[in-house]
Amino acid sequence: MADFDTERAEGAPVGRRIVLGMLGLGAAGVAVGASVQRGVNRALAPVNQIGEVLPGTGGFRYYSVVGSVRPRRPAEHRVTVGGLVRERRSFGMADLAALPQTRLTRDFQCVTGWRVPEVMWAGVALPDLLDAVGVSSRARAVRFISFDGVYTESLTLEQARRRDVLVATEMLGAPVTHDHGGPVRLFVAPMYGYKSLKWLGGIELTEKVVSGYWERRGYDVDAWVGRSNGRNDAPT
Ligand SMILES: Nc1nc2c(c(=O)[nH]1)N[C@H]1C(S)=C(S)[C@@H](COP(=O)(O)O)O[C@H]1N2
Ligand SMILES: [Mo]
């Protein structure tokens, strides 16, 4: 992967990027055969490969469990907060900007081993958003839903009330890009990257933790960096 990334020129035609990607991936390149087809058909439409390092990001890799996600225009995007709340409410970008803003600089650590040091994040601290809607006394957990249609995540209410959990609108000193899960993504600073759900569309207050996408596949719900091995069924 590293060779492929240093060779990759920004703005290079997609076809060439994919060929380089296949070289870099070796045997795994077979798996991207389908994206070569799509790449050719879609000409210069952006195609990201899973695990591809995103240029100019300090080493973030592109992750998505679905093939492609339709971009949301920030002006049209809303994050809905519902479930066990005083009143269901949806927040546009201007609504989020009107809430108290929190800035945070933290490392980003994926459970597979890659890490990006000292990433700048900004947005609304989740406890501030929860206060804005009013959480019912029956709520014990928070569920996050991605508008990619598949990915979900959750936190206990106690974890969700931490000030280092952000509903992020900025990352790396700029609005969160589509590739990184913009216009709005989650950033759960003390936990592994899979908790930081991309393309945030909905937040739901629940009575119990509802396992997220990776938790249903064996990863820890409490994904504290350093204190969790990520997988609760990891072979020793
Ligand atoms: N919707 C969605 N969010 C997601 C993922 C995903 O596949 N889909 N992958 C997670 C994982 S495992 C990591 S490490 C980070 C990667 O963020 P990035 O794609 O901005 O590098 O996103 C997390 N959030
Ligand atoms: Mo990850």
Side-chain angles (χ1 to χ4, degrees), residues 1-2 4-5 8 21 31-32 35 46-72 77 79-80 104-123 126 142-155 159-160 164-204 210-226 228-232 234:
M1 287 305 284
F4 148 54
D5 290 308
R8 179 185 149 175
V32 297
S35 12
V47 174
N48 287 304
Q49 288 159 44
I50 307 309
E52 173 182 359
V53 172
L54 297 167
T57 66
F60 271 93
R61 288 171 182 271
Y62 179 77
Y63 277 24
S64 172
V65 297
V66 300
S68 68
V69 178
R70 174 192 277 243
R72 281 276 171 95
H77 185 54
V79 176
T80 303
L104 209 62
T105 300
R106 292 283 190 286
D107 294 358
F108 189 88
Q109 176 79 54
C110 173
V111 74
T112 62
W114 58 268
R115 181 166 59 100
V116 184
E118 301 196 5
V119 180
M120 280 168 55
W121 297 87
L126 187 55
V142 186
R143 181 162 193 247
F144 305 92
I145 298 147
S146 171
F147 64 80
D148 70 6
V150 174
Y151 204 89
T152 60
E153 254 310 331
S154 21
L155 293 171
Q159 293 163 353
D164 56 359
V165 177
L166 281 196
V167 171
T169 50
E170 282 182 38
M171 167 185 176
L172 301 160
V176 181
T177 63
H178 174 68
D179 285 348
H180 285 300
V184 187
R185 79 176 290 171
L186 200 66
F187 175 54
V188 182
M191 295 194 184
Y192 286 114
Y194 63 87
K195 301 299 285 192
S196 293
L197 173 139
K198 296 165 58 165
W199 304 297
L200 179 64
I203 298 178
E204 214 179 79
V210 180
S211 291
Y213 182 90
W214 285 117
E215 287 85 20
R216 288 198 298 276
R217 288 159 178 80
Y219 284 79
D220 284 345
V221 174
D222 299 330
W224 306 108
V225 173
S228 156
N229 61 7
R231 288 201 79 109
N232 52 28

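Counting convention: from 1, in listed order, for ligands and their atoms alike.
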(message) Quick check: do Pro190 and Asp164 have side-chain heavy atoms less than 4.5 Å from each other?
(response) yes

(request) Provide, to 0.1 Å, the distance between atom 17 (O) of ligand 1 and the closest protein heavy atom, together with that atom's residue and name. (result) Arg185 NH2, 3.3 Å

(request) For atom 1 (N) of ligand 1, state which one of Ile145, Val111, Asp148 supplies the nearest heavy atom. (result) Asp148

(request) Heavy-atom contacts with Ser146 under 4.0 Å: which atoms of ligand 1 show up? List them by number with element. (result) 1 (N)

(message) Looking at non-hydrogen atoms alone, which of Phe60, Tyr192, Tyr63, Trp199 comes nearest to atom 12 (S) of ligand 1?
(response) Tyr63

(request) Could you tell me if any non-hydrogen atom of Phe108 lies under 4.0 Å from any atom of ligand 1? (result) yes

(request) For atom 23 (C) of ligand 1, grab the closest protein heavy atom and report residue, atom and distance to one decimal in Å. (result) Gly193 O, 3.3 Å

(message) Checking the side chain of Tyr151 only, and the main-chain atoms of Tyr194 only, is there a donor and an acceptor separated by less than 3.5 Å?
(response) yes

(message) If you measure every N or O of Tyr62 against every N or O of ligand 1, does any of those distances drop under 3.5 Å?
(response) no

(request) Determine, using heavy atoms of Gly181 and all atoms of ligand 1, whether some pair is separated by less than 4.0 Å. (result) no

(message) Within the structure provided, determine whether Lys195 and Leu155 are in side-chain contact (heavy-atom separation under 4.5 Å).
(response) yes

(request) Could you tell me whether ligand 1 has any atom less than 4.0 Å away from a heavy atom of Lys195? (result) no

(request) May I ask you to establish whether Lys198 and Tyr62 are in a cation-pi arrangement, using a distance under 6.0 Å from NZ or CZ to the six-membered ring centre and at most 45° from the ring axis? (result) yes

(message) What I'd like to find out is whether the side chain of Phe108 reaches to under 4.5 Å of the side chain of Thr57, using heavy atoms alone.
(response) no

(request) Considering only non-hydrogen protein atoms, determine which one is nearest to atom 3 (N) of ligand 1 and report residue, atom name and distance to 0.1 Å. (result) Lys198 N, 2.9 Å

(message) Looking only at protein heavy atoms, which one is nearest to atom 20 (O) of ligand 1, and what is the separation?
(response) His180 ND1, 2.7 Å

(message) For ligand 1, which is the ligand I care about here, please tell me if Arg61 has any N or O atom under 3.5 Å from one of the ligand's N or O atoms.
(response) yes

(request) Using a strict 4.0 Å cut-off to heavy atoms of Cys110, name the atoms of ligand 1 that fall inside it. (result) 14 (S)

(request) For the pair His180 (side chain) and Pro175 (backbone), establish whether a donor and an acceptor sit closer than 3.5 Å, ignoring hydrogens and angles. (result) no

(request) Please determine if Arg72 forms a cation-pi arrangement with Phe147, meaning its NZ or CZ atom is less than 6.0 Å from the six-membered ring centre and no more than 45° off the ring axis. (result) yes

(message) Considering Trp214, Phe147, Tyr151 one by one, which has a heavy atom nearer to atom 10 (C) of ligand 1 than any of the others?
(response) Tyr151

(message) Only heavy atoms of Ser64, strictly under 4.0 Å: list the atoms of ligand 1 that pass.
(response) 6 (C), 7 (O)

(message) Show me which atoms of ligand 1 lie under 4.0 Å from any heavy atom of Val65.
(response) 7 (O)

(message) Tell me whether Arg185 contacts the main-chain N or O of Ala168 through its side chain, where contact means a donor paired with an acceptor under 3.5 Å.
(response) no

(message) Looking at Thr152 and Gly212, would you say the former's side chain and the latter's main chain have a donor-acceptor pair under 3.5 Å?
(response) no

(request) Report yes or no: is the cationic atom of Arg217 (NZ for Lys, CZ for Arg) under 6.0 Å from the centre of the six-membered ring of Tyr213, at an angle within 45° of the ring normal? (result) yes

(message) If we set the cut-off at 4.0 Å for heavy atoms, which region of Trp114 has an atom near ligand 1: side chain, backbone, both, or neither?
(response) side chain

(request) State whether the side chain of Trp199 and the backbone N or O of His178 hold a donor-acceptor pair below 3.5 Å, judged by distance alone. (result) yes

(request) Considering only non-hydrogen protein atoms, determine which one is nearest to atom 24 (N) of ligand 1 and report residue, atom name and distance to 0.1 Å. (result) Ser196 O, 3.0 Å

